[in-house]
Each structure stands twice: as structure tokens, then as C-alpha cells.
Number of protein chains: 2
Amino acid sequence: MQYSKSTDYALHALIHLAQAEGRENIGIKPLAHSLGVSESYLSKIMSKLRQDGLVRSVTGVKGGYELARPPRDITFLDVIQVIEGRQELYVCSNLDSKQHRTYFAGPDEAPPQRHDQCLVKRVMDGAQQQMDRYLRGHTIQTVLDEAAAVRSEECSSRRTQA
Amino acid sequence: MQYSKSTDYALHALIHLAQAEGRENIGIKPLAHSLGVSESYLSKIMSKLRQDGLVRSVTGVKGGYELARPPRDITFLDVIQVIEGRQELYVCSNLDSKQHRTYFAGPDEAPPQRHDQCLVKRVMDGAQQQMDRYLRGHTIQTVLDEAAAVRSEECSSRRTQA
DNA sequence: GTTATTATGGATACTAACAATCCACAATTC
DNA sequence: GAATTGTGGATTGTTAGTATCCATAATAAC
């Protein structure tokens, strides 16, 4: 199980747009070149991001893309869900198997269960919630901030060396 | 992105074995039947679990599978890593793109970076760690316990009704 | 030892998702 | 009107996951 390359491209593209915030639109050409991916493929991804309201686009000369919201309001989870879809990490394909009856089995004449959710799924959903919470807490701005922090650290260490 | 059906089968199979702990080996036939999956396919999965030391197997008449460790020592993460492989959830395919140079870009004559890790990857690795920690904290025994809890709750509510 | 049973591993096939490209078209600036 | 730029449809190749079949090896029971 692994996130697709598309997600990778999308995240990096958004960061690139964020770095140019407020100045100008960025066309697919420089964007694709900067990420090292073909224009045709990246344009598909950008379209998705546009349809879901993460970026705006302008056609024609001087056109291109820009963020539709401030970087602080674009979470990693947002981006992932747009590209990968809002699907659950785990789906139990066994729901009508004997297995789940044994989980809850009282006497055979037991009434229909209220707890009809797979116990494995309960755990897996918990895991996904952990991850989602983390991804919701990190935004494009987070990366920008870290990049700035790294840069200033670099500079000071270089000054120390000299 | 989604966990494979194989992971689903593996988890349910292990729970099944755990429920029969210490009594007898369980053959592929009843196991597959109980999960609602073909014997041939499940046997591949069981082989993997054996190769990685999660179950033991005996061939021949009266053969079958049993857990190789107590249920408390088989974590969800163990099972997932055996089936899905120990791969990282996120791989940055852009490492040599302009993008990462702009993250850290001081003056162009800057020395080779120590912080050569993608900042996007840093976030994504953090997310995976959150999930892994959760999955490491839940075991086959966890499910057994919850199943018991649900059962007793069912019983008591049935008693109350009567 | 022979037979029936049971797991193992190799080979193979099918399918769906992902990755990638190309092209005709629409919108916009100059 | 011409050049530029994004959009969406169609198409193709590749890979991972799903699934099956069969020959083989190991073991218990007789």
C-alpha cells in the first residue's frame, strides 16, 4: 500500500504555487518542468485540484494556476483526499462470513446484532483516524514554515563556520 | 490507497486460529470456508504468514495451522507488514527536482545540504508513524478481548429484557 | 509400506488501478 | 485574428492484486 505519484506531484505543485502567492499565475509549463514531470500528466492532476476548489485556473495568455485558499487552509488530508479519493483504508470483505457470527455468538437464537461492525475494521478505522488527524494538522503553510526554518539554520551555521 | 484483501483474510484467519488456541490445528479447508475465500488463494497467504513466523504448519493427515506466538504478541502492524511488505507509505519521486533546491536555497554557492530530506516526506513519515504506533498497540488478543466484551454485554442486555 | 490427507510452490491468467501521452477544443491576451 | 494556455476525451502501457490449477512433499492411519 502506497500513496500514488499523483499525490506526490499534487503536494509539490501546491507548495510551488504557495511560494509564488499573490505575485503571478504559474503556467503548467514551468510547473511541470520544476517538478520533473510531463505537462500533459500534471495538467490532469491540476484539473482535479481545480474541480475540488484547491486552485484556480486562468486560460489564455498570461494564464496559469494559483491557490484558491491561503496555504494555511490547505491541509495534507485535503490534497490526499482529492487525489486518492475519500475511500477508507480498510474494507472488510467478510461481513457475511461465519467469522463475524462467532465474534458475537451467544446462543444461536440470539437476536439481530446491534454491534454488526467487524472488530478488525474497528481497529483499522482507529488507525486511519490517527493518521487523518495528523494529516489534518499539517498544511502547505507548515512546509513553508519549515523550509524557512531550515534556511535560517543553514545561514547561521554557515556564519559560524566563517 | 487501500489495504489489500489479502491483509483482510490474514487478519481474520489469525483470529480464527487464536480462537482455537491449544486445542487443535486448523486445516486450510475449514479456514477458507469460514472466511468465504478459496482454499488455493488463502493457502498462499498462510504460507507467507508461516515464512514470517506468525503461524506454524503441519502437513499430512491431521495437519493444519496454529499460531506460532501467543495472540498478545501478534500485532496488527506485524500482520500488515508481512502481507503488504515493509514499504513506506510515501515515496518522494522528485528528489532531484528544482523544487527541493528552492526549499533549502541559500545563495547558489551553498555547500551540500545536510537536510537533504524532502519536507513533504517528513510530514508524510510523521503520519505513518502515528498510524504504525496505533497498529503496534493493537493485537490479535485485543480483538479477542473486545469480542468477549461485546458478548457479555449482549447477554446482560438480553437478561434485562427478559 | 500403502493410502489418504494436507500443506507447498510454481506457473498461469484475469482484472483494475495507475501512469503517461496525444489531440481537438475553448478561453484569453495582445 | 494570432498566439498562448488550460480542459477534457480517448488511448495505451505497465504493474500489483486477485485468483486458480497442478505437481510435489510430508505425515498419520491402517
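Chain naming here is simple, since letters A, B, ... match the order of the sequence lines and numbering starts at 1 in each.
If you find the closest nucleotide of DNA chain C to G60(A) and to S4(A), the one lying nearer the 5' end belongs to S4(A). Residue order along DNA chain D, read from the 5' end via each residue's closest nucleotide, puts G64(A) first among E39(B) and G64(A). For the pair E84(B) and S40(B), both in contact range of DNA chain D, the more 5′-proximal nearest nucleotide belongs to E84(B). In terms of position along DNA chain C, the nucleotide closest to T7(A) lies nearer the 5' end than the nucleotide closest to the other residue of the pair V61(A) and T7(A).
When only modelled atom types and interatomic distance are considered, Y9(A) and S4(A) share no side-chain donor-acceptor pair under 3.5 Å. Side chains of D8(B) and Y90(A): a donor-acceptor N/O pair is present below 3.5 angstrom, by distance only. Defined by atom type and a distance below 3.5 Å, a donor-acceptor pair is missing between the side-chain atoms of S40(B) and S43(B). Side-chain atoms of Q141(A) and D145(A) form a donor-acceptor pair, as typed in the model, at a separation below 3.5 Å.
For S38(A), a side-chain nitrogen or oxygen approaches OP1 or OP2 of dT21(C) to under 4.0 Å. Here S6(A) does not reach the OP1 or OP2 of dC18(C): none of its side-chain N or O atoms lies under 4.0 Å away. The side chain of R50(B) contributes an N or O atom lying less than 4.0 Å from OP1 or OP2 of dT8(C). Regarding contacts with the backbone of dT7(D), a side-chain N or O of Y65(A) is found under 4.0 angstrom from either OP1 or OP2.
Taking only side-chain atoms of S47(A), from C-beta outward, the nucleotide of dA28(D), dA19(D), dT7(D) with the closest atom is dT7(D). Looking at the side chain of K5(A), the nearest of the listed nucleotides dT6(C), dT18(D), dA19(C) is dA19(C). In this structure, of dA19(C), dT6(C), dT8(C), it is dT6(C) that holds the atom nearest to the side chain of K29(B). Among the nucleotides dT8(C), dC18(C), dG6(D), the one closest to any side-chain atom of T59(A) is dG6(D). Among the nucleotides dT21(C), dT28(C), dT7(D), the one closest to the side chain of Y41(A) is dT21(C).
Residue contacts shown for V37(A) are absent, as no nucleic acid heavy atom lies under 4.0 Å away. Among the protein residues, Q51(B) comes within range of the sugar-phosphate backbone only, with heavy atoms under 4.0 Å from sugar or phosphate atoms but none that close to a base. As judged by a 4.0 angstrom heavy-atom cut-off over every strand, Y3(A) is placed among residues making no nucleic acid contact.
For K44(A) and dG9(D), a side-chain-to-base donor-acceptor distance below 3.5 Å is present, hydrogens and geometry of angles not being considered.
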